[in-house]
Amino acid sequence: MNQPPSIDHPSSVVAWIADLTSRFPRRAPASPDERGLQEALAARYTAQGLEVDWHRFSFGTHLYANLLLHFGLAVAATALGLAQPLIGGLLHLLVATSYFLDSTHRAFVLRRLLPWRPSQNLIARLPASGEPALRIVIPCHADTAYTGIIFSPRLAEGGAKRSEEHTS
């Protein structure tokens, strides 16, 4: 697809998205496919006259290892607490505090023990001509995380069918 999709033709937008997702199917955070998709978007946005910038950061990509670390340590704290209640309690406090801070994205305590990988956000802007009266921000999530039943094909297909019924 060489031409950008037109907002007058929603089917071309759907075809463009289908093309991107077939070329970059495994867009886990900080993965090569996530980066490839963002580079394809950057090229399209630049061709359409938008300014693009990259926001680089590191990302802990191991959700299940993080959960195992927190909950495994909590189980160990419970076992240790049978013989050493104070140490077990302090370890539970560490795990609970770490998990709360991690879940609210305020700080990463125990997660820092796991590997982190470089990642990036793509930021595209359409420059205003003069002082803008209104700013519109459209977030776009390029990565995917296969974490649970919500990603089962049967559930996704059912959701797509219901969505089509509402737009028909």
Side-chain angles (χ1 to χ4, degrees), residues 17-18 20-46 50-126 132 134-166:
I17 292 170
L20 289 173
T21 57
S22 69
R23 288 175 31 212
F24 308 104
R26 303 290 298 175
R27 298 173 313 279
S31 70
D33 273 3
E34 179 199 33
R35 174 67 184 214
L37 177 71
Q38 288 177 327
E39 288 172 350
L41 291 172
R44 176 64 57 93
Y45 295 154
T46 301
L50 279 74
E51 297 174 355
V52 298
D53 291 311
W54 295 95
H55 169 247
R56 302 195 190 284
F57 59 94
S58 60
F59 185 76
T61 59
H62 301 281
L63 171 65
Y64 298 117
N66 184 46
L67 292 172
L68 180 63
L69 176 63
H70 281 88
F71 293 104
L73 198 51
V75 169
T78 300
L80 182 62
L82 296 174
Q84 297 288 327
L86 180 61
I87 295 172
L90 290 173
L91 197 50
H92 267 290
L93 182 62
L94 169 66
V95 170
T97 301
S98 174
Y99 190 72
F100 172 77
L101 293 172
D102 194 295
S103 296
T104 58
H105 300 279
R106 293 182 182 170
F108 300 115
V109 180
L110 293 176
R111 183 186 287 246
R112 287 283 172 196
L113 299 173
L114 301 170
W116 288 63
R117 293 178 20 195
S119 190
Q120 66 286 320
N121 284 325
L122 170 64
I123 302 164
R125 284 184 302 282
L126 180 61
L134 176 66
R135 288 191 197 278
I136 299 174
V137 177
I138 304 172
C140 176
H141 215 269
D143 68 342
T144 60
Y146 303 105
T147 56
I149 193 169
I150 192 167
F151 293 103
S152 84
R154 196 176 80 175
L155 184 63
E157 289 168 6
K161 287 177 186 171
R162 283 191 296 278
S163 178
E164 290 172 4
E165 291 169 3
H166 289 292

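On a predicted model such as this, the values are computed, not experimentally measured, just so you know. Residue indices begin at 1 and follow the sequence shown. Atoms considered below: every heavy atom in the structure, side chains included; atoms not considered: hydrogens, waters and symmetry mates.
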Problem set entry | Pairwise distance CG(L86) to CG(L80) - rounded to 0.5 angstrom | 10.0 Å
Exercise. If you round to the nearest 0.5 Å, how far is CG of D102 from CZ of R112?
Worked result: 10.0 Å
Exercise. Can you tell if the side chain of R111 reaches within under 4.5 Å of the side chain of H62, non-hydrogen atoms only?
Worked result: no
Problem set entry | Reported CZ-to-CZ distance for the pair R35 and F24, which is rounded to 0.5 angstrom | 11.5 Å
Exercise. Stepwise, does the side-chain contact (heavy atoms from CB on, under 4.5 Å) test hold for L91 with L73?
Worked result: CA-CA 8 Å; L91 197 50; L73 198 51; 4.1 Å; yes
Problem set entry | Sequence-distant partners of T21, side chain to side chain contact (heavy atoms under 4.5 Å, CB included), two or more places apart | I17, R27
Contacts table for residues 92-99: side-chain donor-acceptor under 3.5 angstrom, sequence neighbours left out:
residue	atom	partner	partner atom	Å
H92	NE2	A74	O	3.4
H92	NE2	T78	N	3.4
H92	NE2	T78	OG1	2.9
T97	OG1	L93	O	2.8
S98	OG	H70	NE2	2.7
S98	OG	L110	N	3.1

Problem set entry | Heavy-atom pair of closest approach, residues R117 and P32 | NH2-CD, 4.4 Å
Problem set entry | Closest heavy-atom pair and its distance - A28, E34 | O-CB, 3.6 Å
Seminar exercise, completed: Value for CG (L50) from CD1 (I123), rounded to nearest 0.5 Å, stands at 12.5 Å
For this session: State the CZ-CG distance between R23 and D33, to the nearest 0.5 angstrom.
Result: 10.5 Å
Problem set entry | Y45 to A124 - nearest heavy-atom pair and separation | CD1-CB, 3.5 Å
Exercise. Is there a side-chain contact between L122 and W54 (heavy atoms, below 4.5 Å)?
Worked result: yes
Exercise. Mind checking what makes side chain to side chain contact (heavy atoms under 4.5 Å, CB included) contact with P132, not counting sequence neighbours?
Worked result: A128, R135
Problem set entry | Heavy-atom pair with the smallest gap, counting every atom of G60 and W116 | N-CE3, 3.0 Å
For this session: Heavy atoms only: give me the nearest P118-A30 pair and the separation to one decimal.
Result: O-CB, 3.5 Å
For this session: Dump the intermediate steps for side-chain contact (heavy atoms from CB on, under 4.5 Å) on L41 and L20, then the final yes or no.
Result: CA-CA 9 Å; L41 291 172; L20 289 173; 3.9 Å; yes
For this session: Provide the closest heavy-atom pair for P29 versus F59 in the form atom of the first, atom of the second, distance.
Result: CB-CE2, 3.2 Å
